[in-house]
Amino acid sequence: IFDALEGKIIEGIEEEYLVSKTGYSSLIENCLYVDGEKMNLNLALRYKEFEDATYIWLGTPVIFSSY
């Protein structure tokens with residue numbers, strides 16, 4: 001998704017069942033400034049073992065709900 005939007009990953013976390021990446025794409029108009037960095041794209045994936053399913057969230061500028 002970041003590649004398709006010509007985006008750059010600025011920060012992220014990877015845990016056992018969660019991956020979350022936040023970055024910036026010039027193809028998306030709005031953005032937030034966090035510590036002097038532009039951010040407008042947030043992607044999260046969470047695997048829920050008891051459901052044996054992976055959920056994907058995509059937010060712009062960021063995901064504002066829990067995942």
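Throughout, numbering of the chain's residues begins at 1 and tracks the sequence.
Although no hydrogens or angles enter the test, the distance criterion places a donor-acceptor pair under 3.5 Å between the side chain of Asn40 and the main chain of Asn30.
Surrounding CD of Glu51 are more than 12 heavy atoms belonging to other residues, nucleotides or ligands, all under 6.0 Å away.
Criterion: ILVMFWY side-chain heavy atoms under 4.5 Å apart, direct or through other members. Under it, Ile13 and Trp57 are part of a common hydrophobic cluster. Linking Ile, Leu, Val, Met, Phe, Trp and Tyr whenever their side-chain heavy atoms come within less than 4.5 Å leaves Ile63 and Ile9 in two separate clusters. Neither Ile28 nor Ile10 shares a network with the other; the hydrophobic side chains, linked directly or stepwise wherever heavy atoms of I, L, V, M, F, W or Y lie under 4.5 Å apart, form separate groups for each. The hydrophobic clustering, which links ILVMFWY residues whose side-chain heavy atoms are closer than 4.5 Å, places Leu58 and Tyr55 apart.
For the pair Tyr17 and Glu49, the tightest heavy-atom approach, listed with the atom from each and the gap, is OH-OE1, 3.3 Å. The two atoms that bring Asn42 and Lys21 nearest to each other are ND2-O, 3.0 Å, heavy atoms only. Scanning both residues, Met39 and Tyr24, for their nearest heavy atoms gives N-CD1, 4.2 Å. Closest non-hydrogen pair, Leu5 versus Leu27, comes out as O-CD1, 3.4 Å.
The structure places CG of Leu43 at 9.0 Å from OG1 of Thr22, a figure rounded to the nearest 0.5 Å. Expressed to the nearest 0.5 Å, how far OG of Ser25 lies from NZ of Lys38 amounts to 11.0 Å.
For Lys8 and Phe2, the positive end is not near the middle of the six-membered ring at less than 6.0 Å and at most 45° from its axis.
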* To do: Check the pair Tyr47, Asp52 against side chain to side chain contact (heavy atoms under 4.5 Å, CB included), reporting the backbone distance first and the verdict last.
  => CA-CA 7 Å; Tyr47 175 70; Asp52 192 29; 2.7 Å; yes

